[in-house]
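Atoms within each ligand, like the ligands themselves, are counted from 1 in listed order. The first residue in the sequence is number 1, and the count goes up from there.
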Amino acid sequence: MKIILLGPPGAGKGTQAKRLEENRKMVQLSTGDMLRAAVAAGTDVGKKAKEIMDAGQLVDDETMIGIISDRLDEPDLENGFILDGFPRTEAQAIALDTLLDVKDMKLDAVIEMRVDDEALTERIVGRYTCGSCGQGYHDTFQKPEVDGTCDKCGSQEFSRRADDNAETVKSRLEAYHAQTAPILPYYKDKEMLKGVDGMADIDEVTAQIEKILSA
Ligand code: ADP
Ligand code: ADP
Ligand code: ZN
């Protein structure tokens with residue numbers, strides 16, 4: 001299966017992508033994670049992206065399309081993939097179609113995760129991640145079983161993203177509504193768009209996605 005999880009920042013894309021990795025051995029392709037790795041490694045892309053990400057704006061299409069094109073050429077995608085955070089503009093959506101054509105790949109579904117803006121800020125500001133295995137958590141909604149210890153790997157080191165603060169969230173939500181939400185009709189016209197209620201609890205959202213993928 002090859003799918004896109006589409007939704008605003010904090011909608012639960014990463015959380016659900018990680019579950020699909022576990023349950024279906026699909027591979028999560030998170031352009032946000034790729035950019036954060038580039039920032040950490042101090043590459044040219046990372047140097048250029050850092051300020052833009054901290055401001056809650058979008059990195060340019062050409063850079064993003066290049067990153068995804070290279071990633072799709074890697075040999076680990078035989079069980080499919082979940083695009084998480086890409087495409088985010090109409091230009092990216094159109095370029096993705098061309099890339100998939102050239103690489104002889106076909107998307108199975110585009111799943112929109114719908115969450116109210118008011119809930120998103122709370123989700124993002126409370127978000128943190130295991131520094132060792134990348135498992136995601138939340139101060140209120142998804143706590144580790146043992147306080148301060150990762151359920152998955154036992155690590156006690158966690159990190160929070162520089163851009164997960166109330167001020168940057170505002171710009172990110174604006175960018176979503178202005179630049180990303182307008183691509184929903186593009187997939188609707190192709191009859192590829194499915195929706196899930198992202199306001200439901202995490203297990204319920206997983207069940208809704210499974211239902212779509214098993215149909
Ligand atoms: P995205 O990848 O779409 O930005 P995440 O998957 O990182 O979003 O989720 C944002 C935060 O909200 C995380 O801290 C996560 O634990 C929490 N979260 C994810 N899905 C839900 C849900 N259905 N209900 C409540 N909290 C959620
Ligand atoms: P979230 O799901 O919480 O919005 P991401 O991890 O997907 O966050 O993205 C973090 C930041 O990385 C975005 O705010 C943006 O600056 C940049 N970014 C990630 N993916 C893209 C993309 N496809 N196009 C442009 N910028 C991107
Ligand atoms: Zn861990």
Side-chain angles (χ1 to χ4, degrees), residues 4-19 28-39 45-46 48-68 71 82-93 95-96 111-116 119-144 148-164 168-169 171-176 179-180 183 196-209:
I4 298 173
L5 286 182
L6 200 57
K13 304 180 297 294
T15 301
Q16 297 300 331
K18 291 229 150 40
R19 289 181 164 205
Q28 176 190 16
L29 304 181
S30 159
T31 44
D33 286 349
M34 294 172 205
L35 288 171
R36 282 183 287 279
V39 170
V45 166
K48 191 167 71 178
K50 171 100 177 79
E51 243 175 81
I52 299 170
M53 294 169 78
D54 284 344
Q57 290 163 359
L58 296 184
V59 174
D60 68 280
D61 290 330
E62 196 186 337
T63 300
M64 298 314 303
I65 292 161
I67 288 176
I68 276 294
R71 184 64 185 88
I82 309 121
L83 283 165
D84 162 8
F86 186 96
R88 250 179 162 94
T89 63
E90 192 172 4
Q92 291 179 18
L96 176 64
I111 301 179
E112 180 194 3
M113 304 184 63
R114 295 194 208 99
V115 179
D116 302 341
L120 293 171
T121 306
E122 195 185 1
R123 283 196 191 177
I124 292 172
V125 172
R127 165 162 64 187
Y128 62 99
T129 307
C130 172
S132 183
C133 74
Q135 172 64 30
Y137 292 99
H138 190 279
D139 291 326
T140 311
F141 306 130
Q142 198 184 1
K143 298 181 182 174
T149 304
C150 176
D151 297 341
K152 287 273 145 65
C153 75
S155 167
Q156 303 200 323
E157 297 211 12
F158 296 90
S159 66
R160 288 180 193 260
R161 281 167 46 178
D163 59 343
D164 277 353
T168 308
V169 168
S171 314
R172 287 160 61 196
L173 288 178
E174 280 168 16
Y176 179 79
Q179 292 167 276
T180 307
I183 68 182
V196 298
D197 174 15
M199 295 292 286
D201 71 37
I202 296 177
D203 288 343
E204 168 59 22
V205 178
T206 303
Q208 288 184 35
I209 292 173

Can you pull out the closest protein heavy atom to [atom]? Residue, atom name and distance to 0.1 Å, please.
| atom | result |
| --- | --- |
| atom 12 (O) of ligand 2 | Met53 CE, 3.5 Å |
| atom 2 (O) of ligand 2 | Lys13 NZ, 3.1 Å |
| atom 19 (C) of ligand 2 | Arg88 NH1, 3.5 Å |

Next item on the list: Report yes if Ile124 has an N/O atom closer than 3.5 Å to an N/O atom of ligand 1; otherwise report no.
Entry: no
Check: Under 3.5 Å between some N or O of ligand 1 and some N or O of Gly12?
Finding: yes
Next item on the list: Examine the proximity of ligand 2 to Arg172 and report which part, side chain or backbone, both or neither, has a heavy atom under 4.0 Å away.
Entry: side chain
Margin query: Is the contact between Arg161 and ligand 2 made by the side chain, the backbone, both, or neither, using heavy atoms and a 4.0 Å cut-off?
Written below: side chain
Note to self: Taking a cutoff of less than 4.0 Å between a non-hydrogen atom of the residue and any ligand atom, is Ala200 in contact with ligand 1?
What the structure shows: yes
Notebook entry, point to check: To which of Lys143, His138, Gln28 does the heavy atom nearest atom 17 (C) of ligand 1 belong?
Noted result: His138
Checklist line | Of the listed options Thr180, Thr31, Leu35, closest to atom 20 (N) of ligand 2 (non-hydrogen atoms) | finding: Thr31
Next item on the list: Please say whether Asp163 places an N or O atom under 3.5 Å from an N or O atom belonging to ligand 2.
Entry: no
Item checked: SB check Lys18 Asp84 (cutoff 4.0 Å) -> no
Check: Of all the atoms in ligand 2, which lie at a distance below 4.0 Å from a heavy atom belonging to Met64?
Finding: 20 (N), 21 (C), 22 (C), 23 (N), 24 (N), 25 (C)
